[in-house]
Amino acid sequence: MLLAPLARVSREVAETSARSRKISLLAGLFRTAGPLDVPVVIPYLAGRLPQGRIGIGWNALKDPPPPAGRATLTVHHVDEAFSALAAVSGPGSQAERRRLTQELLGAATGEEQRFLVGLISGEVRQGALDAVAVEALAETSGAAAGAVRRAVMLAGSLQHVAERLLAEGPRVLEEFLLTVGRPVLPMLAQSAADVAEAIGRLGACAVEEKLDGIRVQVHRDGGTVRIFTRTLDDITDRLPEVVDIAATLEGDGFVLDGEVIALDDEGRPRSFQETASRVGSRTDVATAAAAVPVSPVFFDILSLDGEDLLDLTFAERHEALAGLVPEPMRVRRIVVPGPGEGGGGGEEADPRVGEAEAFLSDTLARGHEGVVVKALDTPYSAGRRGAGWVKVKPVHTLDLVVLAAEWGHGRRTGKLSNLHLGARREDGSFVMLGKTFKGLTDTMLEWQTGRLRELALHDDGFTVTVRPELVVEIAYDGLQRSSRYPAGVTLRFARVVRFREDKRAADADTVDTVLAAHSQG
DNA sequence: TTCCGACAGTGGGGTCGCAAT
DNA sequence: ATTGCGACCCCACTATCGGAA
């Protein structure tokens, strides 16, 4: 199969906004793919390389050679080229990868070049990733979309499911079961502004502490333990103390969902940066583990002694969890009844909310991030941001001054998007605390582009520096240590709430106020 | 008909580890 | 030794489509 029709379909998919049309375009191409092409074509059209990241970035893609006049590349040839690229290592590898990349691009037509560059850089931007590919796969094979999706979640791999589904038909989906040792895409949480809103969305629920660590899925199959991250990377070798703990639990085979976090001697959490640094260390794990040990804290169980628990309610799963994992290794929690239960239930303030708020305050006082409110009656929605889990974290706000803005990409091309945020110094100068592009509606984006152009001092084609006059209200989750910014700190997860045209730069928050507000953190 | 769940897109900062300088 | 770069952790938020209500 040639690459050309694939590149063409990708462009056509990008050009339509209708999801149904995207699906039928993809399905049309899947139908024409031969059995040997399937394992490559499916991930390509989902915007991913089967090889994963192959060590090529923006730099190796710069200045592509002139495009070929005729489309001669086959899908198979391209796949082999990527495998060869991924295998290059050692001194000189960067130059060699660049050479191979340029060679491949030189053999591609213009349309093929654009597709390949998008694929390598992870920016296909055709508005269709795994979820749309799953729908198209269902259409091509005649299987139910839900069944395909579930198989992909359990296999942790679209490619693997696609291959077998197209070769063997819909019946094969029944064979994709949760398997101990093979990671499942983890369930994610939605968010709410406060516990009242979170509880309001759910019936009877548990309120659990939210730890600021690294999400882990721990599998034990007899004597073998494997640990996976949220994106299903195997990090078993980096967490020997967690492996030891998993090996000592009573069960013989299980899959646990939880978080690993570094705690100090008093049991208070260390900063996220310390936990991340520890878990990210691969070279001298023993030294890193001795310096910053981490603790696993579990909140869910997906499998126990050969039984798949995904479809049980959370209440049932938690019971199984409590039977396997002793208290200190489980997340702290309280259970609140549904709105109709437990007496009271009047026109006054919901007593359930009060209880949950008290638990949240206590959790924050212990140094943790917030809480996750979880409906007791819902199954484990692998790979989805299920409505059954709702997180609540405190939000801080500041009034900061826009110092500069960067030109946006993709759908934000031609708009000033990413704002450089400054806090005031007493002497009238400003200190940059970070950037943000979040929280802006299209209308705000449009407005700020015009306003910042009026304030522009200089445009280097990438960043526009402006007179420091526009004040924005910024929400953020807290401060973190920074070596990049002059104050030594930066805002975590900053986002725009609104423009404050009623304020002048002299009314903005000062660096000292910002630092003081977090001094005991 | 309106509402809302799920997706995709647009990027933020930090850290590690490897290769290049 | 330091710097640059890619991968992978953490993540918020808006726009849009299309099925549910």
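Note on naming: letters A, B, ... go to the chains in the order of the sequence lines (proteins, then strands), and numbering restarts at 1 for each one. Remember, it's a predicted structure, so these values are computed and weren't measured experimentally. Both backbone and side-chain heavy atoms feed into the values below; hydrogens, waters and symmetry mates do not.
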Pick base, sugar-phosphate or nothing for [X], based on heavy-atom distances below 4.0 Å to the nucleic acid.
X        : result
A/Val132 : sugar-phosphate
A/Leu433 : nothing
A/Lys438 : base
A/Thr441 : sugar-phosphate
A/Asp233 : sugar-phosphate
A/Leu440 : sugar-phosphate
A/Thr275 : nothing
A/Ala131 : sugar-phosphate
A/Glu123 : nothing
A/Gly92  : sugar-phosphate
A/Ala18  : sugar-phosphate
A/Tyr485 : sugar-phosphate
A/Lys22  : nothing
A/Phe493 : base

Checklist entry - Under the side-chain hydrogen bond (donor to acceptor under 3.5 Å, both in side chains) criterion, do A/Ser271 and A/Glu274 qualify, and how do the steps go? => result CA-CA 5 Å; A/Ser271 72; A/Glu274 287 173 285; 3.2 Å; yes
Next on the checklist: Under a plain distance cut-off of 3.5 Å, with no hydrogens placed, do A/Gln102 and A/Asp63 share a side-chain donor-acceptor pair?
Outcome noted: no
Item to check | Distance-only donor-acceptor check, side chains A/Asp234 and A/Thr236, under 3.5 Å | outcome: yes
Item to check | Stepwise side-chain hydrogen bond (donor to acceptor under 3.5 Å, both in side chains) check, A/Ser417 with A/Glu406 | outcome: CA-CA 6 Å; A/Ser417 172; A/Glu406 295 168 15; over 6 Å; no
Checklist entry - For the helix from B/dA8-C/dT14 to B/dT21-C/dA1, how many degrees between its two end axes (five pairs per end), to the nearest 10°? => result 20°
Item to check | Which atom of A/Tyr476 lies closest to which atom of A/Leu479, heavy atoms considered | outcome: CE1-CD2, 4.2 Å
Next on the checklist: Per the ring-ring contact (aromatic ring centres under 6.0 Å, His included) rule, what does the pair list look like for residues 113-151 of chain A, sequence neighbours excluded?
Outcome noted: none
Checklist entry - So, do A/His420 and A/Phe430 have ring centers that fall under 6.0 Å from each other? => result no
Atom pairs and distances, side-chain donor-acceptor, residues 184-192 of chain A, under 3.5 Å, sequence neighbours left out:
from     : atom 1 : to       : atom 2 : distance (Å)
A/Gln190 : OE1    : A/Arg201 : NH1    : 3.3
A/Gln190 : NE2    : A/Arg385 : O      : 3.4

Checklist entry - Heavy atom of residues 234-243 of chain A under 4.0 Å from DNA chain C: which residues? => result none
Next on the checklist: Within the 4.5 Å heavy-atom criterion, are A/Arg500 and A/Val472 side-chain neighbours or not?
Outcome noted: no
Item to check | Any residue meeting salt bridge (Lys or Arg N to Asp or Glu O under 4.0 Å) with A/Arg98, in chain and number order, not counting sequence neighbours | outcome: none
Checklist outcome for this item: Between A/Ser20 and A/Leu211, the residue closer to the 5' end of DNA chain C by nearest nucleotide is A/Leu211
Next on the checklist: Quick check on DNA chain C: between A/Leu232 and A/Ala60, whose nearest nucleotide comes earlier from the 5' end?
Outcome noted: A/Ala60
Checklist entry - Does A/Val489 or A/Ala133 map to a spot on DNA chain B nearer the 5' end, using the closest nucleotide for each? => result A/Ala133
Next on the checklist: Can you work out whether A/His409 or A/Ser483 has the more 5'-proximal nearest nucleotide on DNA chain B?
Outcome noted: A/His409
Name all residues meeting the side chain to side chain contact (heavy atoms under 4.5 Å, CB included) criterion together with [X]; count only those two or more places apart in sequence or in a different chain, and write none if there are none.
X        : answer
A/Thr378 : A/Ala375
A/Ala196 : A/Asp194, A/Val353
A/Val511 : A/Ala423, A/Arg425, A/Val431, A/Ala487, A/Leu515
A/Ala136 : A/Ile23, A/Leu26, A/Ala27, A/Phe30

Checklist entry - Heavy-atom contacts under 4.0 Å between residues 413-423 of chain A and DNA chain B, which residues? => result A/Ser417, A/Asn418
Checklist entry - In terms of side-chain geometry, is the basic nitrogen of A/Asp399 or A/Arg498 positioned less than 4.0 Å from the acidic oxygen of its partner? => result no
Item to check | Ion pair A/Glu96/A/Arg99, N-O distance below 4.0 Å | outcome: yes
Checklist entry - Quick one: which of A/Arg495, A/Lys391, A/Lys210 gives a salt bridge (Lys or Arg N to Asp or Glu O under 4.0 Å) with A/Asp477? => result A/Arg495
Checklist entry - Nucleotide range of DNA chain B contacted by chain A, 5' to 3', under 4.0 Å to a heavy atom? => result B/dA6 to B/dA20
Checklist entry - So where does chain A start and stop touching DNA chain C, 5' to 3', when the test is distance under 4.0 Å to a non-hydrogen atom? => result C/dC5 to C/dG18
